[in-house]
Amino acid sequence: MLLSIVSVLFVLSLAAAYEVSFDNRRWVIDGQETFLIGGSFHYPRATPDEWPAIFSEMKANGLNLIQTYVFWDLHEPTEGEYNFPDDPKDPANLVLFLQEAQKVGLYVHLRVGPYACAEWSNGGIPVWMETHHKETIFRTDDDFWLQKIEDFWDKTFEVVSNAGLMASSGGPIVMAQIENEYGNIEYGYGSGGAAYVKKVADFATNHPISKEVPIIMCQQGEGVGTTPPENVINACNGYYCDNWIERHSASNPSHPHMFTENWPGWFQKWGEAVPHRPASDVAFSVARWFAKGGSFMNYYMAFGGTSFGRKVGGPNIITSYDYDVAINEYGYRAEPKFSLLTMLHEAIYSVQDVMFTMEPISSTNGTNCEIQSYYKEDKCVLFLSNIGVDGEDCEFYGEFKIPSWSTSIVVGTSNTHNAHDGQCSGMEEIYGTKTSLEEAEQPNMVAYGAAEDIVVGELAIKSTVAVPTSKDAASDTVIVNESPLEQLTLTDDSTDYVWYTFNYDSPADSTSSVLEFELATSGGVGLMVFVDGELKNTERAVSDSTSQLEDSNYATHLSISIPLKEGSNDISILSTSMGLKNYGPYLERNRVGIVSDILVDGKVCDSGIVHTVGMDGEGRAGVVKRVGGERSDKSLIWYTTTFPSPADIADRVVGIDLSAMGKGAAYLNGNHIGRFWDMKAGDEGCNICDEMEYNGQYEAARCRTGCGELSQTIYKLPSIWFNKEGENELLLFVEEAGEGDMEVKIVDVKMEPSAQ
Ligand code: GAL
């Protein structure tokens with residue numbers, strides 16, 4: 001009884017409406033002046049049971065806001081059928097996610113795009129938008145596109161408003177974004193781009209929620225595409241945005257300066273080494289941003305997590321979305337990033353009051369040495385920066401030595417009470433993006449220990465997939481067409497796999513006949529070629545080198561050598577999608593699979609192509625159900641194993657080592673862990689960057705580690721996916737076998753000290 005009274009009181013106390021306002025220097029939220037320091041966290045990249053702990057860590061990191069996209073494809077998986085589930089275990093439960101953020105006191109920046117980018121397949125746009133509406137041009141003032149995105153906005157805000165999540169009903173949502181970095185790709189649409197910017201901006205600013213929260217468009221205007229109308233706030237994304245502030249001030253003097261995506265790391269592709277952005281460089285970018293007048297800064301990401309299942313974009317991006325950020329994929333603090341940034345946030349909040357009402361006064365002290373100062377009553381705050389990359393210190397006032405590529409925050413007393421004479425005495429450094437490294441936690445790294453008590457038994461073959469044959473043409477579960485059909489049109493992206501099978505009558509035996517066609521590249525390049533059921537060739541390009549077809553789709557011309565015997569040969573080509581392209585103009589042109597005639601030794605094969613959608617065993621209706629005999633190459637095999645539940649799994653952090661399993665997809669108790677691949681990074685280009693010594697503009701190719709090693713070996717297993725009692729089933733689909741013995745290990749994931 002008491003419990004329910006308490007919870008009613010709790011709900012009531014949340015329900016007080018409050019206002020969100022801003023000027024060019026600060027945010028006023030519920031009457032409180034503040035800077036906003038946020039971090040991105042995408043709800044489907046963790047399981048709901050993990051959300052509260054991640055939010056608490058974000059809070060402990062000194063963040064006061066979270067930013068998330070709303071993923072259209074999750075919420076409208078079938079056209080016209082919205083899915084905003086209220087199941088507490090469903091990662092698409094947006095309302096629960098936002099409620100959990102509110103519980104720990106985080107505000108929310110909701111990015112309803114609905115185009116997301118985010119290394120999310122197709123940028124979050126449901127694939128039915130391209131397969132069922134072939135005439136629609138996305139992200140233009142095309143009527144159907146506009147109608148659909150407006151409907152999605154309406155629906156999303158109806159859901160969050162009804163759940164009391166807008167600031168106007170005491171909820172955490174304090175701002176909303178429409179579109180996403182359109183300015184970056186607007187040139188691709190010619191003059192039509194400007195019309196679209198106006199349409200979406202007008203829609204959002206006339207929408208009822210614009211009376212409640214500010215509307216943001218990032219990377220839109222001030223030299224990056226068309227400037228939106230005055231009541232939309234433009235924002236900057238990048239590794240550094242401090243130099244953007246001057247431009248933004250000049251064109252929008254009444255707007256706050258917003259850095260909506262500060263990338264504290266980067267994502268990783270298959271075949272790449274692990275990106276790493278030094279903590280001191282992230283801190284430098286943030287300190288410079290606030291020094292020069294920023295009032296909102298968001299880390300993209302605060303927690304990156306995992307792109308479970310088939311949701312990762314790219315193409316060819318790995319399953320982990322760790323992003324090298326302060327809260328790692330497993331929810332641990334990555335040091336020294338977490339503590340160095342926590343100290344920075346504390347320092348900024350402690351001086352924000354002095355900074356709220358004035359523009360910084362900038363001066364220099366010799367080459368590369370810059371001061372931004374703020375004064376209020378008897379207080380002064382100075383940001384002392386060394387923007388040099390030569391390793392030379394900057395010396396200020398004979399007492400502060402600032403290492404290159406770093407900023408220190410200094411507080412003091414101003415007895416002149418005059419903001420413009422620059423007098424500050426009794427100065428004390430409260431934080432330095434490099435000098436505070438001494439007080440930061442020691443660097444650590446993820447360590448994997450064999451989870452001795454979680455013993456996955458021998459992998460048993462569940463089934464071997466039979467390679468389709470041209471005789472399947474008689475089955476009503478295949479599609480036969482004279483020429484090959486594009487893959488997404490066949491699958492609606494419900495599977496990674498399509499088989500193209502045909503019979504070819506060869507005039508003679510040959511050891512190297514040539515199979516030729518154009519393969520669309522929006523889903524990567526992944527092919528296996530079988531002749532009479534035997535694997536003869538594999539084509540896996542992860543490079544982005546593409547040619548442009550006549551209809552402006554991207555494709556690559558493949559020329560594959562195969563042996564043929566005189567007379568009849570069944571040729572089966574398995575095309576595999578590795579996540580759809582998520583960035584760039586014209587995503588409606590995303591294509592997968594074979595997009596030209598198929599030629600064998602220069603002759604067009606027009607005897608009828610048999611298209612088999614999906615992979616036997618995937619649990620899809622419509623595929624030909626047949627089990628093949630074992631092939632010596634060990635490809636296309638479903639493996640299974642069961643194992644008892646570990647008693648304390650709810651308190652463990654575990655992953656699975658799939659490095660011996662080649663390429664494929666993994667499932668635990670029916671939950672799709674993600675795609676796995678034993679793809680190695682190149683041997684060259686790695687470089688361990690020392691936090692103190694690091695200098696100069698960061699870009700993702702600097703400071704990588706793990707050259708010559710697999711891009712990913714361990715795949716996260718959320719503890720909620722284990723059966724707490726009874727057996728667990730691990731199911732692995734191996735497209736292509738790895739080298740050596742097939743075995744998997746479940747590992748405990750811990751943190752241990754690292755050298756750097
Ligand atoms: C930005 C985009 C984000 C994400 C990021 C790279 O351009 O807005 O959604 O894709 O790049 O991680």
Side-chain angles (χ1 to χ4, degrees), residues 38-45 66-74 109-125 138-139 175-188 197 200 216-221 224-225 228 233-241 244 258-270 272 274-277 282 285 296-307 311-329 522 544 579-585 587 590 698-702 704 711:
S40 299
F41 170 14
H42 300 150
Y43 45 104
R45 284 181 156 138
I66 84 119
Q67 183 196 66
T68 183
Y69 290 111
V70 180
F71 293 96
W72 185 8
D73 61 345
L74 287 187
H109 174 201
L110 201 65
R111 305 174 105 188
V112 193
Y115 162 70
C117 198
E119 289 68 73
W120 194 258
S121 197
N122 219 32
I125 302 170
F138 300 172
R139 307 177 79 193
M175 57 187 69
Q177 176 180 297
I178 190 152
E179 254 297 338
N180 187 75
E181 294 193 332
Y182 188 73
N184 286 1
I185 50 106
E186 195 184 318
Y187 64 88
V197 172
V200 287
I216 321 294
M217 286 183 84
C218 61
Q219 294 285 101
Q220 193 64 61
V224 183
I233 305 174
N234 181 21
C236 180
N237 295 344
Y239 291 114
Y240 314 89
C241 277
W244 170 90
M258 298 182 71
F259 190 171
T260 38
E261 288 184 30
N262 184 350
W263 306 316
W266 197 244
F267 61 88
Q268 188 184 357
K269 290 193 156 193
W270 297 111
E272 284 182 353
V274 187
H276 175 64
R277 184 175 178 196
V282 182
S285 155
F296 175 107
M297 192 281 315
N298 177 80
Y299 297 105
Y300 183 99
M301 309 292 295
F303 166 84
T306 314
S307 304
K311 284 300 182 187
V312 67
N316 288 321
I317 295 174
I318 67 168
T319 296
S320 166
Y321 198 61
D322 180 84
Y323 221 92
D324 187 43
V325 295
I327 305 168
N328 77 11
E329 181 177 9
S522 315
D544 288 332
L580 301 179
K581 185 170 157 182
N582 59 275
Y583 182 75
L587 288 181
N590 274 352
Y698 176 77
E699 37 105 9
R702 295 184 70 174
R704 291 207 188 226
S711 291

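Start at 1 and go down the list; that is how both ligands and their atoms are numbered.
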Peer 1: Taking the ring of Tyr240 and the ring of Tyr698, is the distance between their centroids below 6.0 Å?
Peer 2: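 Between Tyr240 and Tyr698, which both carry aromatic rings, the centre distance is not below 6.0 Å.
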Peer 1: Kindly write out the residues that satisfy side-chain hydrogen bond (donor to acceptor under 3.5 Å, both in side chains) with Gln220, not counting sequence neighbours, or none if the list is empty.
Peer 2: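 Partners of Gln220 by the side-chain hydrogen bond (donor to acceptor under 3.5 Å, both in side chains) criterion, ordered by chain and then number, come out as Glu186.
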Peer 1: I need the nearest protein heavy-atom contact for atom 11 (O) of ligand 1: residue, atom name and distance, please.
Peer 2: Glu261 OE1, 3.7 Å
Peer 1: Over 60° means perpendicular and under 30° means parallel, so classify the ring planes of Tyr323 and Phe267, tilted if in between.
Peer 2: tilted
Peer 1: At a 4.0 Å cut-off, with the gap strictly under it, does some heavy atom of Trp120 reach an atom of ligand 1?
Peer 2: no
Peer 1: Of Gln219, Arg111, Glu181, Met301, which has the heavy atom at the shortest distance from atom 7 (O) of ligand 1?
Peer 2: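 Minimum heavy-atom distance to atom 7 (O) of ligand 1 goes to Glu181.
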Peer 1: Which residue and non-hydrogen atom of the protein lie closest to atom 12 (O) of ligand 1, and at what distance in Å?
Peer 2: Tyr323 OH, 2.5 Å
Peer 1: Please state which part of Ala116 comes within less than 4.0 Å of ligand 1, counting heavy atoms only: side chain, backbone, both or neither.
Peer 2: backbone
Peer 1: Any donor-acceptor pair under 3.5 Å linking the side chain of Ser121 with the backbone of Gly579?
Peer 2: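 Between the backbone of Gly579 and the side chain of Ser121 there is no qualifying donor-acceptor contact (under 3.5 Å).
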Peer 1: What atoms in ligand 1 come closer than 4.0 Å to a heavy atom of Phe267?
Peer 2: 6 (C), 12 (O)
Peer 1: Is there a side-chain hydrogen bond (donor to acceptor under 3.5 Å, both in side chains) between Glu329 and Thr306? Walk through the geometry before answering.
Peer 2: CA-CA 7 Å; Glu329 181 177 9; Thr306 314; 2.7 Å; yes
Peer 1: Which protein heavy atom lies closest to atom 9 (O) of ligand 1, and at what distance to 0.1 Å?
Peer 2: Tyr69 OH, 2.7 Å
Peer 1: Go through the structure and list residues passing disulfide (SG to SG under 2.5 Å) with Cys236, not counting sequence neighbours.
Peer 2: Cys241
Peer 1: Please list, in number order, the atoms of ligand 1 under 4.0 Å from a heavy atom of Trp266.
Peer 2: 6 (C)
Peer 1: Could you tell me which atoms of ligand 1, counted from 1 in the order shown, lie closer than 4.0 angstrom to a heavy atom of Asn180?
Peer 2: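 Matching atoms, with element in brackets: 2 (C), 8 (O).
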Peer 1: Determine, step by step, whether Tyr115 and Tyr583 satisfy the side chain to side chain contact (heavy atoms under 4.5 Å, CB included) criterion, reporting the C-alpha distance in whole Å, the side-chain angles of both residues, the deciding distance to 0.1 Å, and the verdict.
Peer 2: CA-CA 10 Å; Tyr115 162 70; Tyr583 182 75; 4.0 Å; yes
Peer 1: Which residue holds the protein heavy atom closest to atom 10 (O) of ligand 1, what is that atom called, and what is the gap in Å?
Peer 2: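 Going by distance alone, atom 10 (O) of ligand 1 is nearest to Glu119 OE2, 2.7 Å.
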